[in-house]
Amino acid sequence: MTQLSEHEIIRRQTLTELEQLGINPYPAETFEINDTSKQIAELYQQNTAAYDGKTISIAGRIMSKRIMGSASFAVLQDSQGRIQLYISRDELCPAEDKTFYNTVFKKLIDLGDFVGITGYVFRTKTGEISIHVQSLRLLSKSLKPLPVVKEKEGELFDAVTDPELRYRQRYVDLNINPASKEVFIKRTKLVNSIREYLNAKEYLEVETPILQPIYGGAAARPFKTHHNTLDMPLYLRIANELYLKRLIVGGFDGVYEFSKDFRNEGMDRTHNPEFTQMELYVAYKDYYWMMDLVEEMVEKVAIDVNGTTEVQVGQHVINFKRPWKRYTMFEAIKEYTGVDISEMDEAQLRLTAHDLKVTIDHTMGKGKIIDEIFGEHVEPKLIQPTFITDYPLEMSPLAKKHRNRPGLVERFEAICNAKELCNSFSELNDPIDQRKRFEEQVELGKRGDEEAMVLDEDFLRALEYGMPPTAGLGIGIDRLSMIMTNSHSIQDVLFFPQMKPERFD
RNA sequence: GACCUCGUAGCUCAGCUGGUAGAGCAUAACACUUUUAAUGUUGGGGCCCUGGGUUCGAGUCCCAGCGGGGUCACCA
C-alpha cells in the first residue's frame with residue numbers, strides 16, 4: 001500500500017470517532033428508498049402538490065457541503081442525478097443534545113460519504129428544489145476524497161479531464177463526470193435497440209464459444225491460451241462467423257450474437273484488443289436484402305439513442321435517415337479519383353496507384369491494390385453513411401462470388417465518419433469453393449501472412465451437408481457507440497479500456 | 001515500431017535565461033439560520049514519475065526507463 005495522504009489519515013480518524021459515538025460507518029441494515037433525485041425534480045416541477053405531506057426517503061453520496069452555523073446546505077448525488085439538501089440543526093436534533101448536527105454532520109460526514117435521508121420537498125428562496133432533511137443516516141464511509149468538480153451556469157471548474165485517471169479509475173470518472181455516465185447509458189440503449197429490432201423479426205439470440213480450438217471468420221492475429229486438463233492450445237475468438245453459420249446449417253432461419261471478440265493487434269483510438277461485434281445471419285437472403293436491414297436498423301438505433309436521425313460527430317452532422325447512398329467500389333473510386341479502374345489488369349492498376357500517390361508493394365495483388373486506392377482516396381471522404389458494394393474476391397474468402405461480375409464478391413460495407421461501420425456478404429455456401437478459398441489462405445499463411453485464415457475442416461463438413469443461401473452481417477458495436485455518442489476514442493465507450501498495468505509501489 | 005508531447009499537493013494548474021516550492025478548490029480550526037463555484041480569518045499538506053549525468057547548485061539542462069496522450073506506420 002502506498003503511503004497515506006493527509007486527507008486519508010484524517011478520514012481514518014473520523015472513522016474511529018464515529019465508532020466512539022456508537023455509529024457504525026458500514027451498517028448492514030437496509031435503508032429503504034422511495035424516490036430518486038430525478039423523479040423529485042421532475043414531478044415537483046410539474047405539480048408541487050404531488051409532494052404535499054409526503055415524506056421522501058433517498059440515498060446517495062454527499063457531493064458538497066455549505067455550512068452556515070446552525071443551518072447547512074448539502075448536495076446529494078444518487079444514481080439519477082443531484083439534489084440539494086437543507087439541514088437545520090434544531091430539526092435534525094430537536095432535543096437538548098446537538099451532537100449529531102454539530103459533530104456528526106458538520107465534522108464527521110465527508111464529501112463522498114453515502115447517506116440515507118428522510119425529509120420533505122420544498123423550494124428555497126432562490127428557487128431551488130430541495131429536501132428539508134428530518135433524519136440523516138450514514139450508510140457508508142468514504143476514505144478517499146473524490147476530486148471536487150464545481151459548476152456555475154453550466155461551466156465546469158476543475159473538471160477531471162486526465163484520460164489516464166478517467167480510464168483507470170472509471171468509478172471516479174462516473175461519479176464526477178455526468179457526461180461520461182451518459183455515454184454508457186446511451187451505449188446500453190443502443191444495444192437494447194438492436195436487440196429489440198432483431199427480436200421483433202424473431203431471430204434467435206444465441207451464444208457460441210469464445211474459447212476455440214481453431215479460430216476463424218476474420219483476418220486477424222489471435223490470442224492464444226492453454227487448457228490444462230485437455231492439455232491443448234485454445235484461441236480466443238476473433239469472430240463468431242463460422243459458428244453462427246453452422247447454426248444456419250442446423251436449421252435456424254435467423255441467428256444473432258453480441259460477441260466479445262479478441263484480436264492481438266495494435267491499439268489506437270479505434271482499436272481495443274477486446275471489442276464487441278454483433279453478427280447476424282439470415283437464411284434465404286442476400287446482401288441486397290441485408291443493406292435494407294442495416295439502413296432500417298441503424299436509423300432506429302439513432303432515434304432510440306438520440307431521439308433523432310441526426311447526430312453531431314466532431315465537426316459534422318451525420319444523418320442516418322434512409323436511404324443511404326450506394327456505390328460499388330469501382331463507382332466510388334471513379335467518383336472520388338476520376339479514374340475508372342473496373343477493366344484494369346494488375347499492371348495498369350500499379351501504374352494508376354502510382355499516379356494517385358498510393359504506396360503499394362510487390363506482394364500486393366490486384367485486390368489489395370484496389371483496396372489501398374479505396375482506403376487512401378475514398379474512405380476518408382465518406383462522412384455520411386454510405387454503402388460500398390462488390391469487393392475484390394481476394395480480400396473476402398468467406399463471401400460468395402458475385403452473380404454477374406467476375407473477380408468480385410457480393411459484399412458490402414457501410415462507411416460512416418470515414419470508418420467502417422459494418423461488413424456484410426452473401427455468404428459463401430459452396431463447400432468446394434470454400435475449401436479452395438481456405439487453401440489459398442493457408443498458402444498466404446505459409447508465405448508469412450500472420451493474419452491469414454486457418455482451414456476449418458469441421459466448418460467445411462457442415463457446408464457439405466448444405467447451407468441455404470444466407471446473408472451475414474457484422475457490425476462493430478464500439479464504433480457505432482462512438483458515432484452515436486460523439487466520442488473521439490474507443491476508450492470513451494468502454495468502461496475499462498485495456499491499459500498497461502499501473503504500478504503500486 | 002518511429003516521431004512529437006505531457007508527468008509538480010487529493011483535484012485543476014503556475015513555476016522565467018538553473019539559485020532550494022506556488023495559487024484556487026479540497027482539507028483542519030473558528031465565525032455564520034436560505035446558501036449555491038457560499039463567505040471571512042488562520043493553519044497544515046510536496047520522493048516536483050523513476051534512475052543516472054552535467055553543475056558549486058537541477059522541478060528546470062542532458063541520457064535512459066516507466067506511464068499517459070497525439071501523429072504516422074502496421075492493421076480491418
Taking only the side-chain nitrogens and oxygens of Lys152(A), find out if one of them lies under 4.0 Å from OP1 or OP2 of U35(B). no
How many whole angstroms separate atom CD1 of Ile9(A) from atom P of G10(B)? 11 Å
How far, in whole Å, is U41(B) from U50(B) if one measures between their C1' atoms? 41 Å
Could you state the NE2-C1' distance from His488(A) to G68(B), rounded to the nearest angstrom? 14 Å
Given the side-chain rings of Phe412(A) and Phe387(A), with only the six-membered ring counted for Trp, is the space between their centroids under 6.0 Å? yes
Ignoring backbone atoms, establish whether Thr124(A) has a side-chain N or O less than 4.0 Å from OP1 or OP2 of U34(B). no
With rounding to the closest Å, how many angstrom separate the P atoms on U20(B) and U34(B)? 47 Å
Whole angstrom is fine here: how far is it from CG in Leu76(A) over to P in U35(B)? 21 Å
Distance between P atoms of C56(B) and G43(B) (Å, rounded): 40 Å
Ile10(A) side-chain proximity, nearest of G67(B), U27(B), G45(B): U27(B)
Should the pair Arg411(A) and Tyr391(A) be classed as cation-pi, given the thresholds of under 6.0 Å to the six-membered ring centre and 45° from the axis? yes
Look through every strand shown and name the nucleotide pairing with A37(B) as Watson-Crick or G-U wobble, where both distances are under 3.5 Å. none
As its Watson-Crick or G-U partner within any shown strand, both distances under 3.5 Å, G1(B) has C72(B)
Distance in angstrom units between Asp158(A) CG and A23(B) C1', rounded: 11 Å
May I ask you to check if Lys106(A) and Phe100(A) form a cation-pi contact, with NZ or CZ under 6.0 angstrom from the six-membered ring centre and within 45° of the axis? no
Between atom NZ in Lys150(A) and atom C1' in U27(B), what is the gap in whole Å? 12 Å
Taking OP1 and OP2 of U35(B), is either one under 4.0 Å from a side-chain nitrogen or oxygen of Arg66(A)? no
Please determine, by modelled atom types, if Thr36(A) and Asp78(A) share a side-chain donor-acceptor pair under 3.5 angstrom. no
U27(B) -> Watson-Crick or G-U wobble partner, both distances under 3.5 Å, gives G43(B)
When the C1' atoms of C48(B) and A31(B) are compared, how many Å lie between them, rounded to an integer? 36 Å
Atom-to-atom span, CG of Leu4(A) to P of A9(B) - whole angstrom: 17 Å
What is the pairing partner of U17(B), taking Watson-Crick or G-U wobble pairs with both distances under 3.5 Å in any strand? none
If I take atom NE2 in residue His7(A) and atom P in nucleotide A28(B), what distance separates them, rounded to the nearest angstrom? 8 Å
Separation of the P atoms in C13(B) and U17(B), to the nearest angstrom: 22 Å
